[in-house]
Amino acid sequence: VARLENITDGVRVCLSNGRRYECDFVVSATGVVPNTDFLRGNKDVAFAPDRGVVVNELMETTARDVFAAGDCATVRLPSGEENADFAQSHWFQMRLWSQAKVLGHYCARSMTRMRDELGFFFELFAHATTFFGLKVVLLGRYNAQGLDAAKC
């Protein structure tokens, strides 16, 4: 999104490729910061630069028998394994409920030893939900990268 323009009937979204779309409203999905401060004193838990608890492909943390999923977790796929570099480069963690739901389900299967392969990737920022009875599709950047805070 290059800019937003107020128009009589709503908002015009102007993309950097020159395309323009008119809509009723725009929802700014700027992401979340993991709330992991309560774990900071635990020496067995590793943290990623984004403040998330580091988990592996089975949603296991660095602490024995402790799993994490959702907004507090930062997935780090193992390096050195077949396709690991491809998988990590195609992992796009959004920290939205749709991804948290998939990871939570997968985490539960891992905790109960009903382990599967991590058979999903999140390479494209896309999220569909409902706000105030209206269907909403979110596309684009997350955490407001590249947006001018003064214009938001």
Side-chain angles (χ1 to χ4, degrees), residues 1-4 11 13-17 23-152:
V1 175
R3 70 181 180 282
L4 302 174
V11 180
V13 178
C14 303
L15 302 181
S16 57
N17 66 4
C23 55
D24 294 324
F25 62 93
V26 173
V27 176
S28 177
T30 57
V32 297
V33 175
N35 183 6
T36 56
D37 291 342
F38 70 100
L39 295 170
R40 290 289 167 181
N42 188 327
K43 295 176 184 160
D44 295 328
V45 177
F47 295 91
D50 66 2
R51 297 181 51 186
V53 175
V54 173
V55 296
N56 65 14
E57 75 281 6
L58 298 174
M59 310 312 293
E60 297 169 313
T61 69
T62 51
R64 181 184 161 109
D65 295 325
V66 176
F67 295 76
D71 296 348
C72 73
T74 297
V75 178
R76 289 290 175 249
L77 300 175
S79 60
E81 292 188 16
E82 184 179 355
N83 296 325
D85 292 334
F86 171 82
Q88 193 67 56
S89 69
H90 285 73
W91 180 264
F92 190 78
Q93 193 164 353
M94 301 178 292
R95 291 196 162 91
L96 290 171
W97 70 264
S98 54
Q99 191 179 64
K101 180 180 173 184
V102 171
L103 293 178
H105 180 262
Y106 184 75
C107 183
R109 292 185 61 81
S110 290
M111 285 189 284
T112 59
R113 307 293 190 249
M114 297 175 64
R115 296 179 172 161
D116 304 341
E117 286 187 25
L118 188 61
F120 51 87
F121 293 109
F122 298 104
E123 12 182 353
L124 175 66
F125 177 72
H127 178 72
T129 191
T130 303
F131 287 120
F132 309 110
L134 299 170
K135 292 179 183 177
V136 178
V137 177
L138 307 174
L139 302 169
R141 296 180 175 183
Y142 72 105
N143 289 340
Q145 296 106 324
L147 294 180
D148 181 350
K151 294 180 182 178
C152 292

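In this chain, residues are counted from 1 in sequence order. As the structure is a prediction and not an experimental result, all values here were calculated from the model.
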Participant: Quick one, Arg51 with Asp37, criterion side chain to side chain contact (heavy atoms under 4.5 Å, CB included). Give me CA distance, side-chain angles, the key distance, then yes/no.
Facilitator: CA-CA 9 Å; Arg51 297 181 51 186; Asp37 291 342; 2.7 Å; yes
Participant: From Leu58 CG over to Arg109 CZ, what is the distance, rounded to the nearest 0.5 angstrom?
Facilitator: 12.0 Å
Participant: Let me confirm one number: the SG-CZ distance from Cys72 to Phe47, rounded to the nearest 0.5 Å.
Facilitator: 9.5 Å
Participant: Would you compute the distance between atom CG of Asp44 and atom OG1 of Thr62 and round it to the nearest 0.5 angstrom?
Facilitator: 7.0 Å
Participant: Which value, rounded to the nearest 0.5 Å, describes the distance between Asn42 atom CG and Thr61 atom OG1?
Facilitator: 8.0 Å
Participant: Give the minimum heavy-atom separation between Gly70 and Ala100, together with the two atoms involved.
Facilitator: CA-CB, 3.8 Å
Participant: Nearest 0.5 Å, what's the CG-CG distance between Leu103 and Asp71?
Facilitator: 10.0 Å
Participant: Can you name the one residue among Asp50, Val55, Val53 that meets side chain to side chain contact (heavy atoms under 4.5 Å, CB included) with Thr74?
Facilitator: Asp50
Participant: Please check: side-chain N/O of Tyr106 versus main-chain N/O of Glu57, any donor-acceptor pairing under 3.5 Å?
Facilitator: yes
Participant: Return yes when atom CZ of Arg64 has more than 12 non-hydrogen atoms of other residues, nucleotides or ligands closer than 6.0 Å, and no otherwise.
Facilitator: no
Participant: To the nearest 0.5 angstrom, please state how far the CZ atom of Phe25 sits from the CZ atom of Phe132.
Facilitator: 7.5 Å
Participant: Would you mind reporting whether Val13 and Cys23 have side-chain heavy atoms less than 4.5 Å apart?
Facilitator: yes
Participant: Val26 and Val11: which non-hydrogen atoms are nearest, and at how many Å?
Facilitator: CG2-CG1, 3.7 Å
Participant: Ignoring hydrogens and angles, tell me if any N or O in the side chain of Thr130 forms a donor-acceptor pair with the backbone of Lys135 under 3.5 Å.
Facilitator: no
